[in-house]
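The structure under discussion appears below in the form of structure tokens.
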Amino acid sequence: MTHSSDFLRRLDARGFIHQITDAAALDAAAAKGPITAYVGFDCTAPSLHIGNLVSIMMLRHLQQAGHRPIVVMGGGTTKIGDPSGKDEARQLLDDEQIRANMASIRRIFERFLRFGDGPTDAVMINNDEWLSQLQLVPFLRDYGRHFSINRMLTFDSVRLRLEREQPLSFLEFNYMIFQAYDYLELNRRFGCTLQMGGSDQWGNIVNGTDLIRRVEGREAFGLTTPLITRADGAKMGKTAKGAVWLHEDQLPHFDYWQFWRNTHDADVGKFLRLFTDLPLDEIARLEALAGAEINTAKAVLATEATALCRGRDAALAAAETARTTFAEGGAGEDLPTHAVPAPITIIDALIGLGFAASKNEARKLVAQGGARIDGVAAGSDTAMVGPGQKVSAGKKRHGMIVAG
RNA sequence: GGAGGGGUGGCCGAGCGGUCAAUGGCAGCAGACUGUAAAUCUGCCGGGUUUCACCCUACGUUGGUUCAAAUCCAACCCCCUCCA
């Protein structure tokens, strides 16, 4: 499909599009002039993770294509606690925690989007502003009548649960109504005519466009991204250690860079398109690299992706650390450190650097030859390390012992 | 309400009186091979320690039988299937 709007052409070429409610009409609207679009984000944690990055990049492209992005923080919905996909009720956060999380998350968005008061400057807003003001009876009379239970039951999120006879609470059932109302509110306040999100949000988004049509008689659109998976089928960004955080307080620059550097060969092109701003012809060139050459492309991916999220200086420093550490077998400046006043055993060093959770685990590393001091296998548990020496666990985890 | 089946380590899933910290698979960690990749092969894989050993905690919950229980019994909780 050929799009006439810069916005959809970009998204399409880069692999962001899964479904659109009315692609031709959205394309026409985006070609005609600036549109306003939003994506909603959870604020249960002080940082977002890689899983949110596709949406963030989409907002970035939106703005670059001359449109206005709205970032909706789910402050109100967080207070309710979205139970989907969870076995236990989420720990409910109080206002103060939510405010702190929002402030922290905003700093991430400021790297990807330009905020301000201009016509295409990004806006961040908390849906608690309107959700907590709602009154049940008026709300049900004004909006509840537009939602058909018959239809809500056909949405995957509900239908699958019912078919599997899994419990679905009334609270959860209402979640999609709140989200639909968010969209309506944004349509009224900002003239927002597009909601974007992951493919799992399709049902919620369609509910919003329907509500806007019924209440306001206006057309609004929805667009979802595909679920991004890795070449081996695993969900993107879920490592055994947990989420890959965007915020540096949660994950050091070097580790963030390394995450991207360790991308599977088969994913390099896809990730370059989704997670960097590099021109497509440049990406095509990098993607075509074969054999060990593809490592160049991975380094570019890592540096570009890190530059977006953490700043170019941090990205270049991480790249340099990786180069000296891996290519030269040395030790770069970004490696984690453990300060000690006097030499300690390799066991304590591994624990101090966070490479082993217990002495038992550290001993296993030594026994299996995975623990190295300045690149040489430690040999025994009693080997000593002092300031200035590099300690490694396996091939990818390296750290420095420093005086202190 | 009646009948039957089941709840096991991060997940799936064996075991059904001692030799069980519990087969196997997945995930994870480490090693070899490589390109800081994939695939493959090997080892580790509940926790701890003074580690060729020892000590804790574990098989839904609580009691009981037994020299000895994940395995038998009872009660309870939860899940599933069939009948009403």
Side-chain angles (χ1 to χ4, degrees), chain A residues 85-89 161-169 229-244 251-272 286-303 305-306 315 317-332 334-336 344-351 353-373 375-383 390-399:
Chain A
K86 296 272 182 273
D87 288 336
E88 306 155 18
R161 289 282 281 281
L162 294 180
E163 276 176 8
R164 299 206 318 269
E165 297 191 33
Q166 296 296 309
L168 177 75
S169 73
T229 54
R230 293 191 321 217
D232 63 4
K235 203 169 164 186
M236 161 89 192
K238 289 282 181 199
T239 68
K241 296 182 197 78
V244 178
L251 186 74
H253 297 319
F254 179 64
D255 293 337
Y256 190 77
W257 192 94
Q258 278 292 311
F259 167 78
W260 292 106
R261 172 58 246 269
N262 286 311
T263 297
H264 293 3
D265 286 8
D267 289 328
V268 172
K270 174 159 81 173
F271 288 0
L272 279 166
L286 289 167
E287 190 178 18
L289 294 173
E293 298 271 285
I294 194 84
N295 285 334
T296 313
K298 290 185 188 180
V300 171
L301 168 63
T303 299
T306 305
E320 177 57 18
T321 291
R323 197 186 62 75
T324 53
T325 305
F326 289 99
E328 296 174 5
D334 273 5
L335 293 184
I344 56 175
T345 64
I346 181 66
I347 300 297
D348 290 331
L350 288 167
I351 293 171
L353 284 162
F355 296 160
S358 67
K359 292 194 176 184
N360 230 328
E361 207 175 299
R363 286 195 189 92
K364 261 174 216 162
L365 272 170
V366 174
Q368 295 186 125
R372 280 185 292 281
I373 300 168
V376 181
S380 103
D381 294 356
T382 52
K390 181 175 79 163
V391 171
S392 309
K395 288 183 184 125
K396 293 187 182 168
R397 290 178 292 170
H398 306 280

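Proteins get letters first, then strands, A, B, ... in listed order; numbering begins at 1 in each.
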Using the 3.5 Å cut-off, write out each protein N or O paired with an N or O of nucleotides 31-33 of chain B and the distance between them.
| unit_1 | atom_1 | unit_2 | atom_2 | d |
| --- | --- | --- | --- | --- |
| B/G31 | OP1 | A/Arg372 | NH1 | 3.3 |
| B/A32 | OP2 | A/Lys395 | NZ | 3.2 |

- When rounded to whole Å, the CG to C1' distance for the pair A/Leu301 and B/A37 reads 13 Å
- Task: Kindly express the pairing pattern of RNA chain B in dot-bracket notation, using | wherever a base pairs with another strand and counting only Watson-Crick or G-U pairs under 3.5 Å.
- Result: ((((((((.[[[..)..(.....]]].(((((.......))))).((((...))))...[[[[[..)....]]]]]))))))).
- Message: In whole Å, measure the gap between the C1' atoms of B/A32 and B/A39 for me.
- Response: 14 Å
- Distance between C1' atoms of B/U65 and B/A69 (Å, rounded): 10 Å
- Item | Atom P, compared across B/C16 and B/G7: separation rounded to whole Å | 13 Å
- For B/C67 and B/G25, measure between their P atoms and round to the nearest Å. 39 Å
- Sorted by first residue and then second, give each salt bridge (Lys or Arg N to Asp or Glu O under 4.0 Å) pair with at least one member in residues 317-326 of chain A; sequence neighbours left out. A/Glu320-A/Arg323, A/Arg323-A/Glu328
- Message: Does either side chain, that of A/Asn262 or that of A/Lys298, offer a donor lying less than 3.5 Å from an acceptor on the other one?
- Response: no
- Message: In whole Å, measure the gap between the C1' atoms of B/G46 and B/G1 for me.
- Response: 43 Å
- Query: With rounding to whole Å, what would you report as the distance between B/G17 and B/G64 at their C1' atoms?
  - Reply: 15 Å
- Item | Any donor-acceptor N or O pair under 3.5 Å, side chains A/Thr303, A/Trp257 | yes
- Nearest-Å distance, CD1 (A/Ile294) to C1' (B/G35)? 11 Å
- Task: Under 4.0 Å between any heavy atoms, over every strand shown, what does A/Trp260 touch: base, sugar-phosphate, or nothing? Just pick one.
- Result: nothing
- Does any pair with a residue in residues 286-297 of chain A pass salt bridge (Lys or Arg N to Asp or Glu O under 4.0 Å), and if so which ones, sequence neighbours excluded? A/Arg273-A/Glu287
- Query: If you measure from the P atom in B/G10 to the same atom in B/G2, how many Å do you get, rounded?
  - Reply: 36 Å
- Message: Tell me the interatomic distance from A/Leu350, atom CG, to B/A30, atom P, rounded to whole angstroms.
- Response: 11 Å
- Query: Once you round it to whole Å, what is the distance between C1' of B/G28 and CG of A/Leu365?
  - Reply: 13 Å
- Using a 4.0 Å heavy-atom cut-off across all strands, classify A/Gln258 as base, sugar-phosphate, or nothing. base
- Send over the distance from A/Arg323 CZ to B/G35 P, rounded to a whole Å. 19 Å
- Note on the structure: Rounded to whole Å, CZ of A/Arg261 lies from P of B/G35 at a distance of 12 Å
- Residues in ring pair (Phe, Tyr, Trp, His ring centres under 6.0 Å) with A/Phe326, at least two apart? A/His398
- Task: Go along nucleotides 45-53 of chain B 5' to 3' and tag each nucleotide: B for a protein heavy atom under 4.0 Å from its base, S when only backbone or sugar atoms are that close, - otherwise.
- Result: S--BBSB--
- Whole-Å distance, A/Asp255 CG to B/U36 P, equals 18 Å
